Amino acid sequence: MSFRRRTRSAQTPATPPPPVPAGPAPILIIDALGRKCPIPIILLAERIREVPIGEIVAVKADDVAARTDVPAWCRMKSQDFVREEILPRGWAFHIRRTY
């Protein structure tokens, strides 16, 4: 019985495909990167009326408090928290306007 040694070929590793967005794209993006609590929530509260009911607004933030503040604000204000997207710097929180 002969044994062959497996060798790795000199192939370059496969590049992963670009991420596919989950859900509809936001029609308004609020950039609160670099802003501390409660500024991301204040900006969201001021600007959510700019989007039609049923549409998505995204808040970009890198303050860790936004990870709990945005979903809590949505529950308090009866808005739909859709998802949290991880960005190279911070997160994008997607909210669907309900009224």
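Just so it is clear, the structure is predicted and the values come from calculations on it, not from any experiment.
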Practice prompt. Please tell me if the side chains of V82 and P24 come closer than 4.5 Å, counting only heavy atoms from C-beta onward.
Written response: no
Response to the item:
Value for OG1 (T68) from CH2 (W73), rounded to nearest 0.5 Å, stands at 15.0 Å
Practice prompt. Quick one: closest heavy-atom pair of I27 and P52, and the distance?
Written response: CD1-CD, 3.3 Å
Item to complete: Working to the nearest 0.5 Å, report the span between CZ of R35 and CD1 of I42.
Response: 9.0 Å
Worksheet item: Does some side-chain heavy atom of I29 sit less than 4.5 Å from a side-chain heavy atom of K60?
Response: yes
Item to complete: Report yes or no: do I86 and V64 belong to one cluster of Ile/Leu/Val/Met/Phe/Trp/Tyr joined by side chain heavy-atom distances under 4.5 Å?
Response: yes
Practice prompt. Establish whether L43 and L33 are linked, either directly or via other cluster members, by ILVMFWY side-chain heavy-atom contacts under 4.5 Å.
Written response: no
Worksheet item: Is the closest side-chain heavy-atom distance between I41 and V70 below 4.5 Å?
Response: yes
Discussion item. How long is the straight-line distance from NE2 of H94 back to CZ of R83, given to the nearest 0.5 Å?
Written reply: 4.0 Å
Worksheet item: Quick one: are R47 and L28 in side-chain contact, heavy atoms under 4.5 Å?
Response: yes
Discussion item. Set out, in order, the CA-CA distance, both residues' side-chain angles and the distance that settles side-chain contact (heavy atoms from CB on, under 4.5 Å) for V59 and I95, then state yes or no.
Written reply: CA-CA 8 Å; V59 179; I95 299 102; 4.1 Å; yes
Worksheet entry | Smallest separation among heavy atoms of Q79 and T98, with atom names | OE1-N, 2.6 Å
Item to complete: Check V51, I53, D80 against R96 for a side chain to side chain contact (heavy atoms under 4.5 Å, CB included) and give me the one that passes.
Response: D80
Worksheet item: For R67, which residues count as a salt bridge (charged side-chain N to carboxylate O under 4.0 Å, His left out) partner, sequence neighbours excluded?
Response: E84
Discussion item. Could you measure the distance from the CD1 atom of I30 to the CD1 atom of I39? Nearest 0.5 Å is fine.
Written reply: 12.5 Å
Worksheet item: D62: what forms a salt bridge (charged side-chain N to carboxylate O under 4.0 Å, His left out) with it, not counting sequence neighbours?
Response: R89
Worksheet entry | Nearest-0.5 Å distance that lies between atom CZ in F93 and atom CD1 in I56 | 15.0 Å
Worksheet item: Minimum heavy-atom separation for C37 to D63, with atom names?
Response: N-OD2, 2.7 Å
Worksheet item: Quick one: does P40's side chain get under 4.5 Å of D69's, heavy atoms only?
Response: no
Item to complete: Measure the spacing between NZ of K77 and OH of Y99 and express it to the nearest 0.5 Å.
Response: 6.0 Å
